[in-house]
Amino acid sequence: MKTDKSYAQHLDQQDNLKNFRNEFYIPNDTIYFDGNSLGLMSKRAETTVNTLMNAWKTYAIDGWTEGKHPWFYLSQKLGKMSAPLVGAKPEEVIVTGSTTTNLHQLVASFFQPEGNKTKILADELNFPSDIYALKSQLRLHNLNPVDHLIQVKSNDENTLKTQDIIDAMTNDIALIILPGVLYRSGQILDMEKLTREAHKRGILIGFDLCHSIGSIPHQLSDWDVDFAFWCTYKHLNGGPGSVGGLYMNEKHFGNEPGLAGWFSSSKEKQFDMEHTLTPAGDVGAYQIGTPHVLSAAPLLGSLEMFQEAGINHIRQKSLQLTNYLMELIETKLTDYNFTIANPKDESMRAGHVYLKHPEAARICRALKADKVIPDFRNPNGIRLAPVALYNTFEEVWQMVQILKTIMDEERYKKYENKRGVIA
Ligand SMILES: *Cc1c(COP(=O)(O)O)cnc(C)c1O
């Protein structure tokens with residue numbers, strides 16, 4: 001029977017990626033389904049942090065150019081390692097900044113209001129940081145965000161319709177910023193089609209890949225996306241505050257960055273110390289200052305695992321995991337008022353399942369007490385992310401079992417239905 005534990009174990013035996021689990025530290029006896037918020041630490045990430053700590057110890061200032069991973073070229077090296085995950089050329093990707101600072105950099109570089117083209121198009125479901133950044137960028141141009149930031153509406157609180165976004169691409173829009181995957185419902189937006197439609201109307205378009213990188217494949221170059229940015233601590237397992245990523249389509253190479261600094265410089269010219277910037281001829285121009293070497297270090301180890309596993313295999317297993325999770329929810333948890341609020345269609349479903357329930361906050365607390373780590377999202381969402389590199393089908397089975405017991409015994413009623421500080 002598909003609902004038996006033995007079936008889950010059978011799926012685990014057949015899993016080609018199963019050995020990667022041994023590469024991670026799984027916090028004691030927990031079922032960790034929060035890898036889309038903070039990915040787990042891997043032994044390889046630990047090793048590469050130690051390698052760079054030792055480079056500091058051994059080489060001091062010469063670490064910039066000596067050792068296994070010279071710091072001066074680290075951002076480029078990590079960009080090259082990330083490029084296959086977004087479907088870009090190596091020189092189009094750099095590891096630098098954070099999601100929000102990269103967004104500021106990109107809007108500062110590409111939002112050039114002119115004539116009646118003065119508005120930015122976004123959506124009402126995006127993560128707040130992106131929206132705050134867009135509003136503040138508009139204010140820097142003396143434009144009122146109330147009428148210059150257009151946010152596409154959702155009909156169901158969870159998802160966006162491609163056609164609604166296209167309809168909002170009116171001729172007063174200069175720039176579009178959208179998530180590749182929505183952080184709550186996990187809906188994948190049709191980045192290829194949206195890019196084509198934006199370009200038909202002479203609008204530049206960029207995507208926030210925080211919830212899609214490391215979870216689904218992308219073809220940014222083929223889709224002709226103008227730019228993209230992401231964090232690396234979610235599916236990429238780079239550790240708390242690990243350095244972000246930035247993609248720039250090569251057709252935009254050679255421009256001055258909106259926010260310049262000495263790391264925007266062409267590497268050959270950087271130490272000439274001139275007061276006129278010669279920007280790097282590639283994506284490197286969008287860096288600002290000295291790279292956060294120690295916060296980039298874990299990525300050397302963790303990205304290597306993505307290279308070995310391959311993003312298509314990761315995607316395949318991820319779909320299997322979320323499919324299995326939804327099947328179990330639909331057969332075992334029918335009587336408890338849960339709604340599956342993520343798109344079920346595989347072309348629109350990313351790496352997590354989004355359950356809605358009026359008691360979501362305290363159900364999450366009860367799950368945590370039983371050593372299952374979900375992710376609560378205000379006001380009534382439970383995100384469950386079984387991660388291809390380290391979660392198992394058996395954990396999915398166990399988690400549903402535990403949730404069923406919590407509901408049967410109404411164990412969640414012991415807790416207040418309020419969120420904690422973080423989630
Ligand atoms: C996680 C996330 C962020 C976080 O931004 P930081 O600058 O890394 O703090 C921003 N936007 C989206 C869509 C996210 O999912």
His357 and Thr339: CA distance, side-chain angles, deciding distance, side chain to side chain contact (heavy atoms under 4.5 Å, CB included) verdict:
CA-CA 7 Å; His357 194 285; Thr339 314; over 6 Å; no
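- Under the 30°/60° scheme for interplanar angles, the aromatic rings of Tyr390 and Tyr32 are found to be tilted.
- Atom CD of Glu274 is surrounded by more than 12 heavy atoms from other residues, nucleotides or ligands within 6.0 Å.
- A cation-pi arrangement is present between Lys267 and Phe72 under the rule of less than 6.0 angstrom and at most 45 degrees off the ring axis.
- Ring centers of Phe393 and His10: at least 6.0 Å apart, outside the cut-off.
- Contact record, His235 with Ile213: CB-O, 3.2 Å, taken as the closest heavy-atom pair.
- Below 30°, between 30° and 60°, or above 60°: for Tyr286 and Phe110 the angle between ring planes is below 30°, a parallel geometry.
- Atom CD of Glu91 sits about 9.5 Å away from atom NZ of Lys80, to the nearest 0.5 Å.
- Counting non-hydrogen atoms of neighbouring residues, nucleotides and ligands closer than 6.0 angstrom, the OH atom of Tyr25 exceeds 12 such neighbours.
- Of the options Arg196, Lys200, Lys193, Lys251, a salt bridge (charged side-chain N to carboxylate O under 4.0 Å, His left out) to Asp224 is made by Lys251 and by none of the others.
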**OP:** Could you please spell out the steps behind the side chain to side chain contact (heavy atoms under 4.5 Å, CB included) verdict for Phe227 and Asn249?
**Re:** CA-CA 6 Å; Phe227 57 82; Asn249 191 307; over 6 Å; no
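- Not a single donor-acceptor pair under 3.5 Å links the side chain of Ser264 to the backbone N or O of Ala260.
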